[in-house]
Structure formats: structure tokens, C-alpha cells
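Data first, discussion second: the structure below is written as C-alpha cells.
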Amino acid sequence: MIVKPGFMIVCHQFNEIQFMEEEMHGITDKPIILWLIAATAVSTISALKTGIHKHKSLDTWFLVTEQSTYVIGATAEGYIANLHWGNRLEKLDDLNATMTDTFFVQNPPPTYVTEELPVFGGLRFRDNVLMVEFPDGVRELNLLYSGKANITDNYLLDLDLRDGNRTDVLVTLHYEIDIENDIIRRSYTIRNGMDKRINVSKAFSAAWHLPTTLGSDEKREIMTLAGEWGSEAMVQSTELRPGVTHVIQSQRGFPSHVSYPYFAIRQVPSDVNPSTEVYFGALAWSGSWEITAHTSLFGTTRVVGGMHHQDFGWSLDPNESFTTPVFAAGFTNKGMPGARKLLPRHVRKYQKKNLATQKDDSVYHPVLYNSWEAMTFDISVDKQLELAEMAAPLGIELFVVDDGWFGARDNDSAGLGDWYVNKKKFPHGMKPLADRVHELGMKFGIWYEPEGVNPNSDLYREHPDWVFYYDARNQLVLNLALPEVQEYLFNSMSSFITDNDVDYIKWDMNRPWGEVSMHNYDRNPREAWTLSVRGFYNIIDKLKEAHPKLWIESCASGGGRMDIGILEKTDQVWTSDNTRPDARIMIQYGASLFLPPRAQYSWVTDSPWDANTNIPLSFRFHVSFMGGLGIGSKINEFTKEQTEEATAWVSLYKQIRPVIQNGDLDWLVQPSRLSELVAVSQTTSRDQSEAVVLGYRHNSPFSTPLNWVRLRNLDKSATYTIKVWGSDPHEAEEEYESTGALLMHRGIMLNSLNSAMFKSVVVWLQRK
Ligand code: GLA
């Protein structure tokens, strides 16, 4: 008997046979006996391997990651629809894309098809992602599968769509799967195949479709991050209700503090459904953005998102194309801890892939000193030298000069834009300070706010036409869409970096954009929103290329620009200007949903400054131990004891930093504004050989002992040695051994958190 690919055999080994067909696709005329032997050999492994596979006969594609499967298919009419997103499937099931068979007059089928790219046009009445205006006034699209699909290297899929109406608009959907982290990265390219200019007036990146909840009483919640300056990334959780759309957004030109381009939708476990399924996603775009999630009466949810559609516009001349930013999303059945592990790992993976400075996990993020909080604008070469001399013996590895070193910059009303050294403060330029910092064994870093310009600056007087005009904080925003502005910034920054051996830049941006436009531009002036972000990316890329060892920190009045896109271009982010440690715990809790621990910086400072709140140095360090560590205190006013204590904490941090910076950050007790003011985190190395638990108690009004805290993700059969530090870095206050199973199933007591205010511990576990 001869079997050919695509030939269907119905028998008890159907799974295996089908697997062979997939594996041997393209090979014909094999005797059945060989196929059956092969079938027996593979019967113990999962039939559907990770990667991207096309069904043998249907226009259906399976995107298979370690724990999930995402299936898309073309209906007979040509709509590309999502057929499954969730737990991993076992074989190439015959999932045939069809139009919905329930036809309601008010809801025609295209409305309810789970289209991957629902456009504006036709009888689609749910949220769409793409809208185009044609020269004849038509604004409708009807994108249908063209019959062309391309799988590359088992992890990239391109699907071509054509407009089914009357235009020649071509769209290629791009899918990229991160197999180990169960994440799919989506974007698309739209091409103008007509002979006239068209205008794209909305270009979100993707639509995601969550299947219906299992029962009518079941609930899902959407978790989002809200904030303001100084209280970034506050976790919000809202029940999804049928007929309601949740919108999160920034229209400010940059991602902003007010909301973060992140969502997670989780099943709320019920008496009959213990499900811990979570769908989560984030946008890789450092401009204005929008994500909406609409839930239908059937319990399905459609999430769409991308560059904000308000005032968006992009012209496409014949043969031109436009590619959207990436919208990455994933699935886990391991609850929020699963989502919190996968997305930061994914971001870290793409950081490593894209940045020369991040290739090597054993190159750790440096302990830095920055005098901004201690001195603000009051800087000079003498004061900075004095601080540098004190910082080095503390164990500081990177010394950063913040705002105030350039132009006529004594406060925030002047000088911004004039990127040359202030001669009053640094009479011999910056090099002598940089040299001394290097001699002391530290790297040298400097603050820039490249997009900012004060009206009172030489730059503005020379180039009043380079800005977006609307004034806030005495400053305007440079229009980075203009090539000449990009060139000015790149040239002045690049030569400063070379001349002064700069190792690191803190790239700040302190105000939202207004009056965004392109003047005297023969295309759509709305392009300015997108072009400026691309201009910003372009300068960073060029600086990184010209200075391959340069590290960059992304800052925007604290955590205003920490989307996952910027982390493919920069090394780390400044999470918040609020360095008060009890506030910082809450901020770090939210930001840990998407930031890799090493990228999230936190400084030990003197905040708050009111004399009544006495927070011990140990508590301050322990909070900043959670990611990249910095110090911003008045170290020149430290007592001898404080200096010794700080030095010892820095030294302990360096010992545990391999786990902290490369591990997975999880939370065992979540911080809450309302609870007992306790929070416990656990960072675990990927091989489970080490973990660091950080425990905090801000207050203890009831003096009841803390409950046991159960650890997670350990090797249950291994024995761990456990060392616990409280307020004294010189000596561990407890040292003992325990098995992974006991640590996870019974837990540990954090005894020293039991009384008094601002108590904290560091627990270091090492597998024996
Ligand atoms: C912003 C940053 C701060 C500091 C100041 C300087 O607020 O977030 O860290 O650099 O600007 O003006």
C-alpha cells in the first residue's frame, strides 16, 4: 500500500499518522510499513511540535509555543480569522475557518468573525484596526486572503491580504513566535499598489480574540497599570462586563505615566472552574498609544491596540509601504505569576538580541551614583569630584552627572538644548571629571534631555522652527521628525561622548507634546506623531552603532517612557522619580509585570525629607535590591557608620545580583495600600539553584506575628542553605538549612518583620 501526504487514515494511531504526514510533507510514495514503524517510534512525543505549521489541506496555520497554540485560518470568503488561542493543542486538528452560522440582522457575520485584522469597512461593527482614505473619497476596505503565505525558519509567518473591493491595497500580516515564552509578536505592512496617494488614518497593530468564558456566570478581569508622575504603574483590576469597552491610552506623544501599554486578562477562579488562564500583552511603541478591550454578551473579548488613532495620519504614495509597531501578546495557564515570568523574559530575550551591550547575562547592570536628589541643579566640577571620591569606596561602579551641566542651566527655565558644557561650573570642560571618575574605577555617565528645549536657549534663538510650539515647564519639544534636528542631536551627543569618554547616558524627556505638526510639508502633517518617535529611535540606534559600548537609560520624568519597545533599544529604565521606599515597592510591583528585573532601576535616597518618617538605611537598600541598584543620597553627609553600612549593603548586593538581575521576579505577598503594609518578593534563578526573598513591613500597628510565607519555584528535592539579613549587613541574623519542598509547602517565618516600623529582610537561598 502506498501512502501520500494528505492521505487520511482513520485508525487508532491517527495522531501519529497525521504527525508523519506533517513531518514528511513533500515526500511521496513511501511504503506504509515504514510509516508505521516511524509512527511507533514517535508515539511518545507530542505530535504537534513547536513552531509554525500549515494544515496539510486547509488554509489553517498553527503557531505552537511550549505551552500554547494560536490557530488562524482563512474562511471560504477569504476572511483571516482566529480559530484558537489558549492551551497547547496536540495535533493538526481539522480546524476549518467558517463564517459564524448565527446570522442576526443587527450583527452580520463579518461583525462576529474573529478577524485577525478587522478593518473599517463592510458590515463590521466591532472595534477595527485599520482605516484608509482613498482619493475618490472612499474609506472602506475589505481585506481578504490572497492565497500567499510564507513560513520562515519555523517561527515567522507572513500572510498576504488583498483588498476584495475595488482598490489595490496590499497588507502582509507578520507573526513572530517566541516559543519558550509563549508569546506572539504581531504587526503588519500596508502597501499602496494604486497609482495615486492614499492616506492611512488608523493603523493599530493587531486584534486579539479571547475565546468565550466557559460558563455564563464565569468572570474575567482585566489588569492594567495606571499612574501619575511619582506614582507610576499602580495595578488596577476591573471586571470585564458584556457590552463594555475598556480603553487605556496615552495621547501625549510618549507612553506616559498615566497608563501603560500593557494588559492582562485573567479568569477569576470559581467553585466549578479553577482555571488560572491569563492572556496578556504589551505594545512595543514609545509614542502615543491605545489599547481597547471589548466584551460581547457571549463572553468573548476582542483586544485591539497600537499607535493612537487620534490625529494619526500617514500618506502612502504609489508603491510606498508602512509597517506598524509590534503588539506582543501571550497566554499562560499559570496565573499572574506565569504572566509575570513570561513577559519580562521575552523583553530580556529581545534586549539581548538587539543590543550589543546586553548580549551577555554575566555583564551585570552597574551600581550607580547620581546626585540629582541630593544636589538638584547645584552642581560643579568640585562638588561632583568630591562626590566621586566618596562614591568609589562605597562600591559604586557608575557615576552619573545629572541635569545642570550644560548651557545656562541653573534651573529648569534656561539652557535646555544647548549641549555644551557650562564653563562656570566646569571651567575645563567635562573631561577632567570623567578622567578622575575612570581613575577611580567607575564608569562615567551623563544626563541629556535631547527632545527638550527652553525658549531661553541659544538653540531656540537660532532655530525657532525646530519645535512643537506649545510651552509647558518653560520648555518646548524639539520636532525629532526633522532630519536636521536628528542630525544636530546625534552630532552634538556623539562628539560629546567621544571627547569625554562617556559610558552611559540617562536620556530624559520631561513634557508631553502639543501642537504636533509638520510645517510646509507636502504630505500629511499628522505624520509628525509617528515620525518624531521614529526620529527618536533613529538617534538612539545611531548612537548605539557609533558607540557600541554605550549604555542608555530611558527616563521621562521618572517612568514615563518604559514601554517594551524602548527596552529593545536601551539598557534600562528609570522607573520613577519617587524614591520614597514604601511608595517604590508599589511602583516596582506594577512595573515587574513587564520589566526584566535588571532593567528596573531604584535608588537609595534620603526621601522623604520630613523628619517624622524615619526610614532605616537597611529598608532603603532592601527596596532598591529588587532590580538595578543606585544611590542618590547625600553621601557627603553620611556618618562613618552610615558609610560603613552602605558599603556593606553594596557588597552584599553584588553577591546576590546574579540571581536578582537574571532571575524571575515573583511576589509572594503583594503590596497593597490597604493591607497590613507587608510585601514579600522572591527572585529565583532559572535553574532554581538560588533565590533571593525580600520582605518588607512598613508598619505593624497590631503587633501580631506575620503568617508563614510559602516560597515558590524551588527544586523540591534539594536542600537549600538559607541566610537572612535584617538591619545589619555585616552579620546574617539567621542561618539554616531546609528542603525545597518544606520551603514551598510550609514556608518560612520572617521573624524580624514582626514588630516596629520599616522592618525588612534579605533572604538568600543557595542549593547545596
Ligand atoms: C526628571 C528625571 C529626574 C531628573 C530631573 C532633572 O524629572 O526623572 O531623575 O533627571 O528630570 O531635571
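One-based numbering, in listed order, for ligands and for the atoms of each. Numbers for residues simply follow the sequence, beginning at 1.
With a 6.0 Å radius and a threshold of 12 heavy atoms from other residues, nucleotides or ligands, K569 has its NZ atom above the threshold. Atom CD of E439 has more than 12 neighbouring heavy atoms from other residues, nucleotides or ligands inside a 6.0 Å radius.
Shown here are the side-chain contact (heavy atoms from CB on, under 4.5 Å) partners of P597, two or more places apart in sequence or in another chain: L665.
Of all atoms in ligand 1, numbered sequentially from 1 with element shown, those under 4.0 Å from a heavy atom of C555 are 2 (C), 8 (O). Ligand 1 places these atoms under 4.0 Å from at least one heavy atom of K506: 3 (C), 4 (C), 9 (O), 10 (O). Proximity to D403 (heavy-atom distance under 4.0 Å) selects the following atoms of ligand 1: 6 (C), 12 (O). Taking every heavy atom of D402 and a limit of under 4.0 angstrom, the matching atoms of ligand 1 come to 4 (C), 6 (C), 10 (O). Atoms of ligand 1 lying under 4.0 Å from at least one heavy atom of W574, given by number and element, are 8 (O), 9 (O). If you number the atoms of ligand 1 from 1 as listed, the ones under 4.0 Å from a heavy atom of G558 come out as 8 (O).
The closest donor-acceptor contact from the side chain of T575 to the backbone of Y601 lies under 3.5 Å.
Between D508, L416, T579, it is D508 that holds the heavy atom closest to atom 11 (O) of ligand 1.
Checking only distances, D577 does come within under 3.5 Å of ligand 1, N or O to N or O. Remark: ligand 1 and W229 share no N or O pair separated by less than 3.5 Å (distance only, no angle test). Checked against a 3.5 angstrom limit, the closest N/O atoms of W447 and ligand 1 fall inside it.
Taking the six-membered ring for Trp and the full ring otherwise, W551 and H365 have centroids separated by under 6.0 Å.
Residue D378 forms a salt bridge (charged side-chain N to carboxylate O under 4.0 Å, His left out) with just one option from R409, K383, K634, and that option is K383.
The aromatic rings of F254 and H257 sit perpendicular, their planes meeting at an angle over 60°, well past the 30° parallel limit. Under the 30°/60° scheme for interplanar angles, the aromatic rings of W419 and Y448 are found to be tilted.
The proximity of N510 to ligand 1, defined as any non-hydrogen pair under 4.0 Å, is limited to the side chain.
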